[in-house]
Amino acid sequence: MLSITDIKLKTLATHYVGNKASGEELELSREPVDIEDDGLRNVLLHYFLPPFQQAAAYHFRHPSDLNLNEIMHFAKAVFDDPSSLMLQSANIARHLYEVTNLPHIKSGELHVAYFEGCPVNGIMTDALGIYKTESKEPFLRLSQTKNSFVFEADEGINPNRMDKGCLIFNINESDGYQVHVVDKTNKGEAAQFWQDIFLQLRAAGDEYHNTSDYLKLCKDFIIDRVPDEFEASKVEQIDLLNKSVNYFKKNEQFHKSSFEEEVFGIPELIDSFRKYEQQYEEDYDLRFEDGFGISDAAVKKQARVFKSVIKLDRNFHVYVHGNRDLIEKGYDAQMGMHYYKIYFEEET
């Protein structure tokens, strides 16, 4: 987690990067942004830093030579000489423009910021932030005249919502620096553009990724494999999903053997899960360890997509959070409809 207390924003450069595939232009600024006003600086810090407080860690990568990764090369130049930020920000903008060769990638402003006094992993270091704003939001500007108030409609950047960003810390250079990423795009090719094409990143082998990846493995197995192979009901699937999340919520360390026994229980289900895990590792180029530390942030994020709801036609939603023995499924032949019987002590 990143603590933003006392971090200083030293320099900021902004350029406009159009979509090259659509014939749009690249517009480079000649001077940095004026950030001398304390109020503006505070708003910018609020925009640039908080989204990374729970972001996962990555490293730069390159198929042949790490030093050939463009963004890492430009970042290193800034860390070596902070006065070169304006020059290197233009290089970063040119690189983004050159790789923007898909028509659905949105154009927008590219902001490159240099920070000092960043506490990371118990040390103080500097950092380079790269951000892209692709959307503007309407807002009302209010001013007072002698006899009344005047509203004016305008549009601008919402400082509480970041479209895309990355924060590169000047540590672990030999391993591709420590990089944190935010990307609100989550559909199709655009979802991979910022991270995989522009930045070229690989996941760091940390608690966050280990936890997040393993929970996703469990979810996919329970939803994709269990119903077909074991004829599991919706209630049984939800029960397994709840057990998976609850294991990660109540433990600080993951141990594969205890997880399998506590969540899946029977040998046949455990054996199927192990085979699925092996194929999953091959398909997604992952390697799951038998034990690792559990990240609370990753658990909270993944738990949101573990659905514990049964949707019954358009009439009812049944949420199953606890003991599956308190809900029974049956079939009424006279009505020709399925039903659920639910046991409870109190109604609130």
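Sorted by first and then second residue, the pairs that involve residues 90-100 and meet side chain to side chain donor-acceptor pair (under 3.5 Å), not counting sequence neighbours, are Lys20-Glu98, Gln88-Asn91, Asn91-Arg94. For residues 26-38, no residue pair satisfies the side chain to side chain donor-acceptor pair (under 3.5 Å) rule, not counting sequence neighbours.
Residues Asp296 and Lys300 are not paired through a salt bridge, judged by the lack of any N-O separation under 4.0 Å between the basic side chain and the carboxylate. Lys132 has no carboxylate O lying under 4.0 Å from a charged side-chain N of Glu109, or vice versa, which leaves the two without a salt bridge. Contact check on Glu260 versus Arg274 returns a salt bridge, with a Lys/Arg side-chain nitrogen under 4.0 Å from an Asp/Glu carboxylate oxygen. Comment: Glu281 engages Arg287 in a salt bridge, judged by a side-chain N to carboxylate O separation of less than 4.0 angstrom.
At least one donor-acceptor pair under 3.5 Å links the side chain of Asn246 to the backbone N or O of Asn242. Between the side chain of Asn19 and the main chain of Leu102, a donor-acceptor pair closer than 3.5 Å is present.
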Evaluation steps, side chain to side chain donor-acceptor pair (under 3.5 Å), between Gln253 and His255: CA-CA 7 Å; Gln253 291 287 324; His255 299 285; 5.3 Å; no
Test salt bridge (charged side-chain N to carboxylate O under 4.0 Å, His left out) on Glu155 and Arg141; report intermediate values, then the result. CA-CA 10 Å; Glu155 64 174 18; Arg141 188 188 305 276; over 6 Å; no
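With sequence neighbours excluded, the residues that form a side-chain contact (heavy atoms from CB on, under 4.5 Å) with Glu261 are Ile270.
If you run side-chain contact (heavy atoms from CB on, under 4.5 Å) between Met72 and each of Arg61, Glu173, His62, only Glu173 comes through.
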